[in-house]
Amino acid sequence: MGAELSRRDFLKLCALLGVGAVVTLYSYEIKRVIAQVAEQGGGKIHLIWLNLASDTGCTISMLQASNPDLIEAVENLGISADFWKAIMTPDYDLGWVTAGYTQEDLSQVPLFNAAFGSAPVDVLVVEGAPQIGTPQGSSQGYFCTTGKYNGSPVTGYDLLQRLAAKASYVVAVGQCSSFGGIPAASGNLTGAMSVRDALNQASVSTKHPIINIPGCPANPDWTLITLATILQGKDPDLDDQGRPKAFFTSYIHDNCPRRDAYNRGQMAKTFDDPVGCFWDLGCKGPITQSACAKTKWNGGIGFCTQAGPMCWGCMHPNFPDPPTSAFYAPVADTPTILGVNVDEVGEVAIAGAAGILAVHAIRRSVGKKKKPEEEEGIPPSEPPSEVRQ
Ligand code: SF4
């Protein structure tokens, strides 16, 4: 173990600074601690990455991880990624086969060995929404069927139940597995829902609380840090939605680079406005909890409201349904909060604390409109820095 920073020191650092700060400021230390896991453990952590209903964007996002990058993390964490369909090749060692797969199912051998055989599963990562059934009136569904086992089709929901019951940790990566996302949006015909809800429906218990890392896509650095945390035997501090608090406590609006423009009522009319606030154009930053504006993306380069578009609310538990949609409309039905008409904020600047209080009241009232705030995982708003001072 390195003399300058032990694992214990690392964990203290995480506790003191918040993991989000560690991501950007202490990537070197993170890499070193990850290397220590490999040096000391030496063993393999068996990871299954299960793809269900999604566009595989979270896997693509993982390829952009930078603190550390994906290859470095997999190698140094001592992870054996036994199955990750989107990025693996089918040239498996056939001598490893133990489960009752058929010849046509060769690409699924490691997956089926883990689900039906004795191959170990330490960490199950789920990308995409499980689809649990066929709602009345829709067509027959064998959703995310990946092959046959003993002559019967194996659905993604079957695999999820078997693997989740076996795994030490279940990590839902992305909006679809965390909250249902687009597959579970209004009009849902496949019974798509979150991993947590789907396992509850099947009465499947997990050994540790399911960890949700929402987002469309999930932030790869947050995912790797979360994996590194559990591989050190420490459970991340989760909120009531199963999200690591380090990444999902503050609101994007709290740290947005366009916040000054919001405070002085400088509203953008178009998305190519380099300075103005996107509230009038439909920004969902005031109702979305996420560390995007703190840690940023792509190695700390930027994030949505900095890069040009607004925040779409892709990490909000209800995305893409209201209040995150309609996408290009301001959050609905909040014309007057604390006597301030937010629809007119572009014409009449909201001064100081009144404006700040107004927008925090907005997100509270919006959360209650769709479902109780507690249900949405929106804790009482922390006072913005201007108010705290
Ligand atoms: Fe930033 Fe959106 Fe808040 Fe405006 S409304 S300050 S663009 S998060």
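Counting starts at 1 for both ligands and their atoms, in listed order.
For the 3.5 Å distance criterion, the side chains of Asp122 and His46 fail to qualify, holding no donor opposite an acceptor. Counted by atom type alone, Asp235 and Tyr169 present one or more donor-acceptor pairs between their side chains at under 3.5 Å.
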Less than 3.5 Å apart, which donor and acceptor atoms pair up between the side chains of residues 53-61 and the rest of the protein, not counting sequence neighbours?
unit_1 : atom_1 : unit_2 : atom_2 : d
Ser54  : OG     : Thr56  : N      : 3.2
Asp55  : OD1    : Gly57  : N      : 2.8
Thr59  : OG1    : Trp49  : NE1    : 3.4
Thr59  : OG1    : Trp84  : NE1    : 3.1
Thr59  : OG1    : Glu127 : OE1    : 2.6
Ser61  : OG     : Ala218 : O      : 2.8

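Residues satisfying the ring pair (Phe, Tyr, Trp, His ring centres under 6.0 Å) test with Tyr157, not counting sequence neighbours, are none. Under the ring pair (Phe, Tyr, Trp, His ring centres under 6.0 Å) criterion, Trp312 pairs with Phe327, Tyr328, sequence neighbours left out.
Take atom 1 (Fe) of ligand 1 and draw a sphere of radius 2.8 Å; the protein N/O/S atoms inside it number 1.
Checked against Leu111 for a side-chain contact (heavy atoms from CB on, under 4.5 Å), the options Val154, Leu163, Asp82 give a single hit: Leu163.
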